[in-house]
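Notes follow the structure.
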2 protein chains.
Amino acid sequence: MGIPERKEREREHRREEILNAAQRVFFEKGLQPATMDEIAEAAELSKGTLYLYYKSKEDLYLGVMIRGIDILHNMLAEATSTDEPTIVKIKNLGDTYYRYFKEHRSFFRMFYFFQNPLFHTQVSEEMMGLCHTGNQKLWKLVIDLIQRGIDEGDIRPDVDPAECSMILWSNSNGIMMRMDTQEEYFKNMLGMDLEKVLQKSMAMLFQSMLRDPAK
Amino acid sequence: MGIPERKEREREHRREEILNAAQRVFFEKGLQPATMDEIAEAAELSKGTLYLYYKSKEDLYLGVMIRGIDILHNMLAEATSTDEPTIVKIKNLGDTYYRYFKEHRSFFRMFYFFQNPLFHTQVSEEMMGLCHTGNQKLWKLVIDLIQRGIDEGDIRPDVDPAECSMILWSNSNGIMMRMDTQEEYFKNMLGMDLEKVLQKSMAMLFQSMLRDPAK
DNA sequence: GTAATAGATGACCGTAAGTCATTAAATAAA
DNA sequence: TTTATTTAATGACTTACGGTCATCTATTAC
């Protein structure tokens, strides 16, 4: 009796197809301007059908965002699976997040939203759970690596890995958000080259984590 | 002929009244859920009248947000108009922003929005200009103070005041955003006390700015 | 007292998310 | 193979809300 299995596969496939369509429309128009009718048309389905597969527009949005989280996680995992010293890998994390920002800008922008609690009022428990899982995987990856740096003696033992991750994340994210929306503004108003600010600030933060600031 | 003047005063007064109503409704319900009908009712006016005074819902939102910027600016200005040493004043900036976060949470949350470019599609040039002006005043206050710290010799001369402000802002803002939305989550998942993380990270950043890290 | 102007109103419009009765297709039963 | 049943898909419809505008009202000018 393979019918239920085949149906389940078909259902999964359709969910993916809908997500593909949603991704195209979201990336082209943005969350707010994208309409369910447009997504339905892109998916070559009726609007009603979308709601058989996803509870709400926000759920669709989160579905796409989770793809973005996975991509980032894969990039970070790859960047830290080399045979370089741990301290170099930690540096790689920052560079990789910046590369993600440059290469997957649309995904990066989606993270803005999730940040804002006012915009997930219609999200299903399931999607929220997936988001948290993905998020946790990201944090774990960074925290574990810093812990390893401590264990290996390159990073000061009084550094708290979780706190340290938070600081690195806040700094890079804050600056990249500015780069995304107001790069020109900051260039003109304050003569700031945000890319340089990012590099310098990350270097500074790394420096202050090191046991031996000579290196 | 004082009639035009009186009318102008009345118009200003009504604009303020509408903004008061909008603020009440936005603070109670949030931007998305708040409706123009509710604001009109709170202002004891018809919806059409709101549009005689403000171009759009987003303009109203920005009007309220600008109040929040002004409050923050006043708090920062006051915190740095003491006769303490400059280096202490810089420390005060961070503490004051945190106090703002605690005491004016609703205003702090409004800043999320402005951050997100997808949500000001209906904003008037005028309001946008006011926002930028307010924003600039904030940056100027911080940058000038850091410059003074350099001039007085407490802060390393190779520090770039604008870059430095950006780093301090990114860090504190990033952590406070997390505190706002996910304080419990980070406490439970990673055992992080975000308030402590904020204190420690700010201390660390100040430290690395100092000419003589002894103090 | 009347005309002209400015201010306020709320019914109305357009749009878009989400629903649901109906239809179509696929599977199971006879 | 035909009929019944379950499952999937549809799109017209409902609801909600931002924004508009012809109409009405009050104020000012003449």
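Throughout, a chain's letter reflects where its sequence line sits, starting with A, and its residues are numbered from 1. On a predicted model such as this, the values are computed, not experimentally measured, just so you know.
In the set D:dG18, D:dG11, C:dG18, the nucleotide with an atom closest to the side chain of B:K57 is D:dG18. Side-chain proximity of B:R14 to C:dA8, D:dG19, C:dT27: nearest is C:dA8. Residue A:Y51 places its side chain closer to C:dA17 than to any other of D:dG11, D:dT27, C:dA17. Closest to the side chain of B:L52, out of C:dT9, D:dT7, D:dT28, is C:dT9. Checking C:dA26, C:dA17, D:dT10 against every side-chain atom of A:T35, the shortest atom distance belongs to C:dA17. With distances taken from any side-chain atom of B:S56 to the nucleotides D:dG19, C:dA8, C:dA6, the minimum falls on D:dG19.
Within 6.0 Å of CD on B:E10 lie more than 12 heavy atoms contributed by other residues, nucleotides or ligands. In this structure, A:E78 places its CD atom where only 12 or fewer heavy-atom neighbours from other residues, nucleotides or ligands lie under 6.0 Å away.
Between C:dT27 and A:R6, a contact under 4.0 Å exists linking OP1 or OP2 to a side-chain N or O. For A:K47, no side-chain nitrogen or oxygen approaches OP1 or OP2 of D:dG11 to under 4.0 Å. When the side-chain nitrogen and oxygen atoms of B:Q122 are compared with OP1 and OP2 of D:dG18, none of them lie within a distance under 4.0 Å. Phosphate contact (OP1/OP2 of C:dA8, side-chain N/O of B:Y53, threshold under 4.0 Å): present.
Closest non-hydrogen pair, B:M166 versus A:I175, comes out as CG-CG1, 3.9 Å.
Each of B:K55 and B:E10 was assigned the nucleotide of DNA chain D with the nearest heavy atom; the assignment lying further toward the 5' end belongs to B:K55. Residue-to-nucleotide proximity on DNA chain C shows that, of A:T49 and A:D37, the 5′-proximal contact is made by A:D37.
B:M36 places its CE atom 12 Å from the C1' atom of D:dT20, with the value rounded to the nearest Å. Between B:E44 atom CD and C:dT9 atom P there is a gap of 11 Å when expressed in whole angstrom units. Residue A:Y54 contributes atom OH, which lies 17 Å from atom C1' of D:dA8 at whole-angstrom precision.
Checking side-chain atoms of B:E58 against main-chain N and O of B:Q122 turns up a donor-acceptor pair under 3.5 Å.
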